[in-house]
Amino acid sequence: MNTIEACIFDLDGVIVDTAVYHYKAWKRLANELGFDFTEEDNEKLKGVSRMASLNLILGWGGVTKTDAEKEELATRKNDWYVDMINKMTPGEVLPGAKEFVELCKSDGIKTALGSASKNSMTILEKVDITHLFDVVIDGNKVSKAKPDPEVFLKGAEALGIEPQYCVVFEDAIAGIEAAKAGGMKAIGIGDPKVLHEADLVVSGLNEMTLDKL
Ligand code: G6P
Ligand code: MG
């Protein structure tokens, strides 16, 4: 019997592919500081908060900055990132994502967004899917980053559903760990070798059906 009552979705890499915009903006910042980093390094930034990402990148470049300088650098990167996401269109929703969230809703399953991004609302509005989520918990509403389960627990609480009846969809290892730490099921979006802690891994929401929940 299907006991799942809520699906909680990460945003970047699950619903939309904004990783490329994050990468472009961080790369531009690193280049201005006189170094570069690879796309492989960029993978380590998935699901990682803005300031934690900056700290990793500065470490790769061997650059030390004060807290005030870091604030300025993070703002500079975010301004470039916001310029890019402001140009996003509904065509940038990942294949099958909209359809699967709609399918959940039509089956009476509650839906939430659980993302570290403080830009979540802008992205949802630009790609015109804000209405698909009963609850949105984003980076403005949490104090502890994934793998801490705070973002997903807050989502479950706002929906009024116990964690054991929730499934989290995540493309980041830290996100799968967060779901598990919160006592939820986790479905990985991506490579099963990378996301081996997940209960199930699919390549995208276009592969999902309700009986896989
Ligand atoms: C998501 C992305 C990360 C990003 C983080 C914060 O988790 O996967 O790459 O750093 O959100 O995003 P923000 O839009 O608040 O800078
Ligand atoms: Mg993600």
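Start at 1 and go down the list; that is how both ligands and their atoms are numbered.
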Taking atom types as modelled, is there a side-chain donor on Asn119 or Asp138 under 3.5 Å from an acceptor on the other?
no

One should read off an interatomic distance between Ile8 CD1 and Asp10 CG, to the nearest 0.5 angstrom, of 11.5 Å

Determine whether the side chain, the backbone, both or neither of Ser117 has a heavy atom under 4.0 Å from any heavy atom of ligand 1.
both

Side chain, backbone, both or neither: His22 near ligand 1, heavy atoms under 4.0 Å:
side chain

Are any of the N/O atoms in [X] less than 3.5 Å from those in ligand 1?
X      : value
Tyr81  : no
Asn119 : yes
Asn78  : no

For [atom], what is the closest protein heavy atom, and at what distance to 0.1 Å?
atom                    : result
atom 15 (O) of ligand 1 : Lys118 N, 2.7 Å
atom 7 (O) of ligand 1  : Gly47 CA, 3.2 Å
atom 2 (C) of ligand 1  : Asp12 OD2, 3.4 Å
atom 16 (O) of ligand 1 : Arg50 NE, 2.8 Å

Is any side-chain N of the basic residue among Asp41 and Lys44 closer than 4.0 Å to the acidic one's carboxylate O?
yes

Is it true that atom NZ of Lys27 has more than 12 heavy atoms of other residues, nucleotides or ligands lying nearer than 6.0 Å?
yes

Any chance you could lay out the side-chain contact (heavy atoms from CB on, under 4.5 Å) test for Leu54 and Leu73, step after step, and finish with the verdict?
CA-CA 8 Å; Leu54 177 64; Leu73 292 172; 4.1 Å; yes

Ring centres under 6.0 angstrom apart (Tyr23, Phe37):
yes

Is the closest heavy-atom distance from Ser115 to ligand 1 below 4.0 Å?
no

Gly139 heavy atom under 4.0 Å from ligand 1
no

Which value, rounded to 10°, describes the OD2(Asp10)-the Mg ion (ligand 2)-OD1(Asp171) angle?
90°

Options Val82, Val48, Asp10, ranked by nearest heavy atom to atom 10 (O) of ligand 1, top entry:
Val48

Out of Leu11, Ile123, Leu45, the nearest non-hydrogen contact to atom 9 (O) of ligand 1 is supplied by Leu45

Ligand 1 atoms in contact with Ser53 (distance to a heavy atom under 4.0 Å)
10 (O)

Would you please classify the geometry between the Phe100 ring and the Phe9 ring as parallel, tilted or perpendicular, with 30° and 60° separating the classes?
perpendicular

Working for side-chain contact (heavy atoms from CB on, under 4.5 Å), residues Ile137 and Leu113:
CA-CA 6 Å; Ile137 307 293; Leu113 191 90; over 6 Å; no

Trace of the side-chain contact (heavy atoms from CB on, under 4.5 Å) decision for Leu153 with Glu150
CA-CA 5 Å; Leu153 290 176; Glu150 184 187 15; 5.9 Å; no

Which pair of non-hydrogen atoms, one from Glu170 and one from Gly175, has the smallest distance, and what is that distance?
CD-CA, 3.3 Å

